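Below is one structure; the comments refer to it alone.
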Number of protein chains: 2
Amino acid sequence: MSKNKKLPGNDPDHKRIPRSVIRRLPVYLRTLDNLVKNDVEVVTSMELSERTGFTAEQIRKDLGHFGTFGTRGTGYHAEALRNELLKIIGLYEKTAVIVVGAGHLGTALLRYNVNRNPYTNVVAAFDTSPDVMGQRILDVEVLPVSRMPEVVRKHNVKAAILAVPSENVQAAADQVVKSGVEVIFNFAPIWVQAPPGVFVHNADLSIELQSLIYYATREEAFRSKGV
Amino acid sequence: MSKNKKLPGNDPDHKRIPRSVIRRLPVYLRTLDNLVKNDVEVVTSMELSERTGFTAEQIRKDLGHFGTFGTRGTGYHAEALRNELLKIIGLYEKTAVIVVGAGHLGTALLRYNVNRNPYTNVVAAFDTSPDVMGQRILDVEVLPVSRMPEVVRKHNVKAAILAVPSENVQAAADQVVKSGVEVIFNFAPIWVQAPPGVFVHNADLSIELQSLIYYATREEAFRSKGV
DNA sequence: GTTGGGGTGTTAATTTATTAGCAATTCAAT
DNA sequence: ATTGAATTGCTAATAAATTAACACCCCAAC
């Protein structure tokens, strides 16, 4: 389980993928999905570049971390590459997700997610308020928190999206961890703590907005893309 | 306005702040806010480290980009540093923001924002649906899109939060740009394009979730913090 | 005052990430 | 077959970001 800090290359499979690369993979995936949907068979790194905003060199380099998928002089077979990316990211089968908090935010996220994403599957929402209990939001049932461990076990839930008010978010995090969830996606403007082994991503709107404002207040010409 | 790509250090004021630093500043700001609220007068980089998850060295280094704010052997005066950060980020006065789309997501963001963030001020929401028109969501009025240019001018609106369905989001982006907004925060799972000079941040839940799943599927012990 | 513990500010070393460049390979055209 | 245009996959060079190290300053205690 625990591995010491200073072992640079002890992953036998492949040599330690940079974080920045991982963040770009889903973007490639979605782009390829669109291409496949439009019956594109072959795509070059340049075309991917135009569609993703990353440079062609970077795309080729990123893919190079995982193997060789293209054919020189031609490009990449879109569908094949898409499937490789699915395997790389770990989405060969739909990832089961729960949403905690069925208020406005939870509802909005459910809709976005269920509608748009073929790779994750929201299996249930949880809330404490009796008002929403038992309701269905786009096919997803709102359950009492007491049933969380059972649901997590049954569907092998990997990730939880926390859409609860700041006051309750740490309690919610503790709850989902206790239920066996490994990945937490927190939308409350409070940083959630979790034990080692649990991945927490704090998506704080106001934090990100403020860093954007920094750029906006200095009028220098930055790129319009991907600040 | 336009400045060529390859001019490394032509900012006369100070020597080109790394992006990664800018992203951390709002975290420091919020942490200091909390400390000040709890009547903490002096705080060390180590204490900030515990509260933010960044290392003490990094915090000191980050601050060092903008000047010297602490006193050796003692630490930083929390309130003074907070005020410096406000100036640095560009939040000396509340930044006017609009929300486009008054559905579940827009409503949720409004609540989060208005409740939680003393630095930005949502001056209006916009929508096309007659149902919500004229309604108020926590003091914020929902207006027709036709009034956007006027509102942007009047309140000197810097940023727009796009909380509309994917189908409409590019149109919404074009609209806010035409109205004079410089910063776009897009929540739809489609990448929005904007002319140079406009800062776009695409906050796509599913993309971020997927990159988290990468880590979850390899069971190696990563940090629990800040993936 | 002088001493010591504590903590910043800053420079240097190291690691991580991006960009560039090009040899190697494919395919289509002739 | 041969040629040439196109495009990958590497390897090398550069840039960005993090970590480490420590000189220097402050404050409190004696």
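Values in this document were obtained by computation on a predicted structure and should not be read as measured data. Every chain is numbered from 1, with letters handed out A, B, ... down the list of sequences.
Minimum heavy-atom separation, B:I190 to A:R30: N-NH1, 4.2 Å. Across every non-hydrogen atom of B:K158 and B:V181, the tightest pair is O-CG1, 3.3 Å. Closest heavy-atom contact between B:I59 and B:S45: CD1-O, 3.9 Å.
Using five terminal pairs a side, the axes of the helix from C:dG1-D:dC30 to C:dT30-D:dA1 at its two ends make an angle of 0°, given in steps of 10 degrees.
When rounded to the nearest whole Å, the span between CG of A:D62 and P of D:dT8 equals 14 Å. Separating the CZ atom of B:R23 from the P atom of C:dA17 is a distance of 12 Å, rounded to the nearest angstrom. One can place CD1 of A:I22 at 12 Å from P of C:dT18, the figure rounded to the nearest angstrom. Across the protein-nucleic acid pair, A:R16 atom CZ and C:dT15 atom P stand 14 Å apart, rounded to whole Å. One atom, CD1 of B:I17, and another, P of D:dT18, lie 13 Å apart when rounded to the nearest Å. For the pair B:I59 CD1 and D:dA20 P, the interatomic distance rounds to 15 Å; values are reported in whole Å. As a whole-Å value, the separation of B:H77 NE2 from D:dC26 P is 17 Å. One can place CZ of B:F54 at 17 Å from P of D:dA20, the figure rounded to the nearest angstrom.
Under 4.0 angstrom from either OP1 or OP2 of D:dA6 there lies no side-chain N or O belonging to A:T74. Put simply, B:S45 has a side-chain N or O that comes within less than 4.0 Å of OP1 or OP2 on C:dT8. Taking 4.0 angstrom as the limit, A:Y76 places a side-chain polar atom (N or O) nearer than this to OP1 or OP2 of D:dG9. Taking 4.0 angstrom as the limit, A:R60 places a side-chain polar atom (N or O) nearer than this to OP1 or OP2 of D:dT8. Distances shorter than 4.0 Å separate some side-chain N or O of A:R24 from OP1 or OP2 on C:dT18.
The side chain of A:S20 lies closest to C:dT18, out of D:dT18, C:dT18, C:dT19. When the nucleotides D:dT11, C:dA17, D:dT8 are ranked by their closest atom to the side chain of A:K61, D:dT11 comes out on top. Of the listed nucleotides (D:dT18, D:dA20, C:dG9), D:dA20 has the atom at the smallest distance from the side chain of B:E57. For B:R19, whose side chain is taken as the heavy atoms from C-beta onward, the closest listed nucleotide among D:dC10, D:dA17, D:dC22 is D:dA17. With C:dT19, C:dG9, D:dA17 as the choices, the nucleotide that has an atom nearest any side-chain atom of B:R72 turns out to be C:dG9. Taking only side-chain atoms of B:Q58, from C-beta outward, the nucleotide of C:dT10, D:dG9, D:dT19 with the closest atom is D:dT19.
Residue contacts shown for B:G64 are absent, as no nucleic acid heavy atom lies under 4.0 Å away.
Judged purely by atom type and a 3.5 angstrom limit, B:Q193 has no side-chain atom pairing as donor or acceptor with the backbone of B:Q170. A donor-acceptor contact shorter than 3.5 Å is absent between the side chain of A:N202 and the backbone of A:D204.
Two residues are said to be in side-chain contact when any heavy atoms from C-beta on lie closer than 4.5 Å; A:L63 and A:R60 fail this criterion.
In this pair, A:W191 and B:F54 present their aromatic rings perpendicular. The plane angle is above 60°, beyond the 30 to 60° band.
Using a 3.5 Å distance cut-off with no hydrogens or angles, the side chains of A:Y28 and A:D33 do not pair a donor with an acceptor.
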